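Following: one structure in C-alpha cells, then a few remarks.
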2 protein chains.
Amino acid sequence: MSDVELRELRYLLAVAEEGTLAQAAVRLQVSASPLSRQIRAIEARIGLPVFARRGRRLVLTETGARLLDRAREVLAAADQLAEHVRAERGEPPTRLAVGCVDAAVHTGLLAAGLRSAEQAHPGLRTTVTLGHSPELIDRLRAGELDLALVHTPPPAADPALIRTLVLQDPVALVVPTGHPAAHAPRPDTLDGQAWIVDQRATASIERFRATARDAGFTPDIRYQAADLAVRVSLAAAGLGITMLPARAVPALVPPALPVTVASVPWLPLRIQVYTVTTRRVRRVVAAFTTGVKTPRVPSHKPPRC
Amino acid sequence: MSDVELRELRYLLAVAEEGTLAQAAVRLQVSASPLSRQIRAIEARIGLPVFARRGRRLVLTETGARLLDRAREVLAAADQLAEHVRAERGEPPTRLAVGCVDAAVHTGLLAAGLRSAEQAHPGLRTTVTLGHSPELIDRLRAGELDLALVHTPPPAADPALIRTLVLQDPVALVVPTGHPAAHAPRPDTLDGQAWIVDQRATASIERFRATARDAGFTPDIRYQAADLAVRVSLAAAGLGITMLPARAVPALVPPALPVTVASVPWLPLRIQVYTVTTRRVRRVVAAFTTGVKTPRVPSHKPPRC
DNA sequence: AACCGTTACGGTCCCCGTAACCATT
DNA sequence: AATGGTTACGGGGACCGTAACGGTT
C-alpha cells in the first residue's frame, strides 16, 4: 500500500497536466501502452478513481486533484534533493542561455525544450532572449547563447555551428472578419489585398512575394511588424491579412478575436524553425533539443476553420 | 541523475539509522546483498560519499547527513500522500491496541513491532498498555487489545487465541558492584544472597526457586517489584541481585550504574516472550508480528561483561 | 479516416536471493 | 570462531515496445 514509487507519481502528473495519454507519453519519453497500464494499475492499487475518461481525454476527478496536490509535494521534495546533490558536489547551478524567435515561443517549442531541460537538470537557471535569426546567430557565435531557435539558420556546412530542423509548419492565414477573402482565401480573392508581414526579414519577404506570384496573386505589403502578436493584433483591427505557423494559432488567436483563420494548403509556404548550437554541446543543451524534437502536437493537425 | 526512486531513499535511511547493513536488511525485509549493491550504486551515481566504512559499520559522512535530511523530507511527503489516500478512501485511521510486559519494551520487541506496523500503515494510531501476562490476556479476550506481548501465554490448545514464541533470551544477572558474587557468579557465591524478583508472578518465582536448587544455591527472595527498571534500580542501590533478559541490558543498564552484569550460561533460565492474538488477525496486527519476529539483534550475542 | 486508449505478446533489464570469499572483532 | 560486508551467479518479476482491436472525433 505504501509502496508507491516516484516514477508512478511522475506518470500521474504528466497525464494530469497534459490531459491525454498520448501527449503525456511524448513528454515522458515512453510509449502510450505502458502509461495506460500504469495509470490503471495505480488506480486499482489505491482503490480511488483518479481520472475520469471523457471521450478520449483523461481529466482529474476531484479526489484525483487532491491526490495530485500531495504527489506534487513529493516530487518537489525529490527535485530539491536532486538539486541539493548537485550543490553538494560543488557544481555551480547549471545555466542555460536560450535565444529564440517569437514563433518558437507561440508554437510551444521553447516551453517544450525548457521543460525537458528543467526535468533533466532540476534547479536550472535559464535566460531567454527574443530576437531575429541573424542577431541570435551572432550572439551564439559570440558565446552569449548556448542555443538558438531561429527561422534562417547558418549554412549547413558551417564548421562552428550545428543546425537541426525542428519545426516545418504550414502557414495559417489570419483574415479580418468580413474581409473579402475571409470565407474562401483563394488567389483571386487575395490578389491586391493588404498584408502584414515580418519586419527586417527581407529575404523571407522576397520569398513570400515569389510564392504568391507563382500561386497567382500579388500581395500589397503594407505593414511590417517584428512581433507576431502585434501582427495578429493589426489583422484583428482589420488592417490586413497576416500569417502564422499553424501550431501558433491556439496560443495567439483566441476565439473571440474578430478574425478568421484559414489554412491554405495550395500555398507552398512553410515556416521553419531550426535549433542551432555550437559544436560543443553541453548536456543541458542536449536535453533541451531532445525535448524540442519530440513534437507536442502532431504537425499535420489542421488549424481550426 | 534525477531518476532517484523512493526505494533507494528508504534503503539509505534504514542503513543510516541502523548503522549496519545487516540490521537495515532485517528492517527492510531484504537480504544484505542487494542492500550493499544498492548503497554502492547510489553513491557512485550521485558521486558523493554518503557513508564512511568504519570497520564493519557504515556511518554517515557530513554530506551524507545533509543528504539524509532531504531524503527524509521526501519520504515524509510520500507517507503523507499514502495517508491521504487512506483518508480519501473513507477509511478511519487504522488503530492498534497493544498490551505488553515491560520486558518487551526494554528488549526492543515493542519498538520493532510498532515500526513495522507503522511502515505498513502510515498514520497508524497506536495505544500501548503495560501490564502482566494474565491481565493482558484477559483484556485481549475482552476485545480491548488487538495483540499482547506476554511471558506466560494461554494454553497452546486455546481455540480463541494464537500464540507465537518471539523471544527466548538467557538471563543476565545484575549484581551490585562490590557484592561477593560480582566477579564470579557461581552457585556457591550466590547461595543465600538477597534477590529482587518480579511481583505477582508466583509461578515463575517457584520455577526460579526450583532452578536455583537444581543449580546448587538457595536464593533469599527479599524484594518483589513489578517494574523491570525498578528492580535494576534496587540492585544498583545494593539491595540485592536481580535478573534481566540479556537483550534488555543495553537499554536498562547504563555503563555508569554501580552494578556488574554477568551472563550465567550454567543457569538454564530463559525469559520468554510470546505474541498472542485473537484468531481473526487484522493486517496491522500481522505487520506488527512479522516486525517482532525478525530479530533486530542476534539472540546469541552475549551481554557485555 | 485519422487518432487515441486499451489489451495481448514477447523481450529486456533491474532487482533480489543463495552462496562463496574476505575482513573484522 | 563467528559475524558482517562484498562479490559472483542464476532466477524471477516488473516494465517497456510493437502490434492489433475498438471507440471517438
Side-chain angles (χ1 to χ4, degrees), chain A residues 3-12 14-16 18-45 49-60 170 246-247 250 263 265 294-305, chain B residues 3-12 14-16 18-45 49-60 246-247 263 265 294-305:
Chain A
D3 53 353
V4 62
E5 279 302 337
L6 289 181
R7 181 178 40 77
E8 303 176 311
L9 299 184
R10 288 190 233 275
Y11 281 12
L12 286 178
V15 173
E18 300 291 340
T20 168
L21 273 186
Q23 301 259 2
V26 173
R27 165 164 155 191
L28 293 167
Q29 307 264 49
V30 296
S31 87
S33 163
L35 245 189
S36 174
R37 267 173 305 179
Q38 291 283 343
I39 299 292
R40 288 196 166 278
I42 295 169
E43 288 180 319
R45 177 145 45 88
V50 182
F51 295 103
R53 272 73 173 175
R54 291 196 186 163
R56 57 173 51 171
R57 294 187 67 82
L58 282 80
V59 297
L60 279 173
R247 282 181 51 183
S263 63
T294 56
R296 304 270 327 286
V297 177
S299 55
H300 33 66
K301 173 180 284 185
R304 63 190 174 83
C305 304
Chain B
D3 54 354
V4 61
E5 278 302 337
L6 289 181
R7 180 179 40 76
E8 304 176 311
L9 298 184
R10 288 189 234 274
Y11 282 11
L12 287 178
V15 173
E18 300 292 340
T20 167
L21 273 186
Q23 301 260 3
V26 173
R27 164 164 156 191
L28 293 168
Q29 307 265 48
V30 295
S31 85
S33 164
L35 244 190
S36 174
R37 268 172 304 177
Q38 291 284 338
I39 298 293
R40 289 196 166 278
I42 294 168
E43 287 179 320
R45 177 145 44 87
V50 182
F51 295 103
R53 271 75 173 175
R54 291 195 185 163
R56 56 175 50 175
R57 294 187 66 82
L58 283 80
V59 295
L60 280 173
R247 281 181 52 185
S263 62
T294 56
R296 303 270 327 286
V297 177
S299 55
H300 34 64
K301 171 179 288 184
R304 64 191 173 81
C305 303

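Quick caveat, the model's predicted, so the values are computed rather than measured. Order of the sequence lines fixes the chain letters, A, B, ..., with proteins taken first and strands second; residue numbering starts at 1 for each chain.
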Does the [N] base have a donor-acceptor partner in the side chain of [X] within less than 3.5 Å?
X	N	value
Arg56(B)	dT3(D)	yes
Ser33(B)	dT18(C)	yes
Arg37(A)	dG17(D)	yes

Among [options], which nucleotide sits nearest the side chain of [X]?
X	options	result
Ala32(B)	dT6(D), dT25(D), dC15(C)	dT6(D)
Leu58(A)	dG5(C), dG17(C), dC15(D)	dG5(C)
Thr20(A)	dT7(C), dG4(D), dG5(C)	dG5(C)
Gln38(B)	dT18(C), dC15(C), dG5(D)	dC15(C)

Report task. Measure from CD on Glu43(A) to P on dG5(C) and round the result to the nearest Å. Result -> 14 Å
**Report entry** Euclidean distance, atom CG of residue Leu35(A) to atom P of dC4(C) [Å, nearest integer]
**Finding:** 13 Å
Short side-chain N/O contact to [N] OP1/OP2 from [X], under 4.0 Å:
X	N	value
Tyr11(A)	dC16(D)	yes
Arg57(A)	dT24(D)	no
Arg54(B)	dT24(C)	no
Arg40(A)	dT6(C)	yes

Query raised in the report: Going by heavy atoms in the side chains, are Phe51(B) and Leu60(B) under 4.5 Å from each other?
Result: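 Yes, their side chains come closer than 4.5 Å.
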Query raised in the report: CD of Glu5(A) to CD of Gln38(A): how many Å apart, nearest 0.5 Å?
Result: 11.0 Å
Report summary line: The answer to which of Ser36(B) and Ser31(A) contacts DNA chain D further toward the 5' end, by nearest nucleotide, is Ser36(B)
Requested in this report: Answer yes if the side chains of Arg37(B) and Ser33(B) hold a donor-acceptor pair under 3.5 Å, and no otherwise.
Outcome: yes
Report task. Test side chain to side chain contact (heavy atoms under 4.5 Å, CB included) on Val50(B) and Ile39(B) and set out the steps. Result -> CA-CA 9 Å; Val50(B) 182; Ile39(B) 298 293; over 6 Å; no
